[in-house]
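The model shown is predicted, which means the values in this text are computed figures rather than measured ones.
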Amino acid sequence: LQEALLDTLPEEASKRVKFGKTLTGIHNAPNNSGIICKFSDGSEEGPFDAVVGSDGINSAVKEYINRGDISSNSGKREDTIYSGIRIQYAVQDGRPDDEDATSSDLCQYFGDGAYSLAGIYGAGEGRKPSKG
């Protein structure tokens, strides 16, 4: 999955992607020009406009958002709660024979141990709406 996502990035962005690093800190760049990420090997990367945490249940990024710092414990974090929710995601492009949507529509469904979010949303100017 990582390689598939990496292959979709522009070359200039993909050169900045690093694997096998452990995030230990986040701070503002000089003159508030972005965000700097510090790693356990002592290196720093940035500045970035945004940091996206997709590092799992023991997310260092989530811990930073919740507490304002990242603990040195890279294992189970204090505020980790396993909800039991599994996420699956799919997008279906609109077909030429679909009616044009005049607005976005998102619906949530809750059940015993299940949750679903479905919707129709824009896909860009001149393109049929997507369904997810």
If you take all heavy atoms of [X] and [Y], which pair is closest and at what distance?
{"X": "Pro47", "Y": "Ala29", "answer": "CB-CB, 3.9 Å"}
{"X": "Ser14", "Y": "Leu6", "answer": "CB-CD1, 3.8 Å"}
{"X": "Ile70", "Y": "Gly25", "answer": "CD1-N, 3.8 Å"}

Go through Glu63 and Ser71 one step at a time and tell me if the side-chain contact (heavy atoms from CB on, under 4.5 Å) criterion holds. CA-CA 8 Å; Glu63 183 178 38; Ser71 66; 3.1 Å; yes
Can a donor-acceptor pair be found, under 3.5 Å and without considering hydrogens, that links the side chain of Thr24 to the backbone of Lys38? yes
Flag the pair Glu44 / Cys37 as yes when at least one side-chain heavy-atom distance between them is below 4.5 Å, and no otherwise. no
Side-chain contact, heavy-atom cut-off 4.5 Å: Asn28 with Ile36? no
Greater than 12 external heavy atoms within 6.0 Å of Asp49's CG: no
Count the heavy atoms belonging to other residues, nucleotides or ligands that lie under 6.0 Å from CG of Asn31, then report whether that count exceeds 12. no
For Lys18, enumerate each residue passing the salt bridge (Lys or Arg N to Asp or Glu O under 4.0 Å) test, keeping only those at least two apart in sequence or located in another chain. none
Distance check, rounded to the nearest 0.5 Å: [X] atom [atom1] versus [Y] atom [atom2]?
{"X": "Phe39", "Y": "Glu45", "atom1": "CZ", "atom2": "CD", "value": "6.0 Å"}
{"X": "Tyr64", "Y": "Ile26", "atom1": "OH", "atom2": "CD1", "value": "6.0 Å"}
{"X": "Glu3", "Y": "Phe19", "atom1": "CD", "atom2": "CZ", "value": "7.5 Å"}

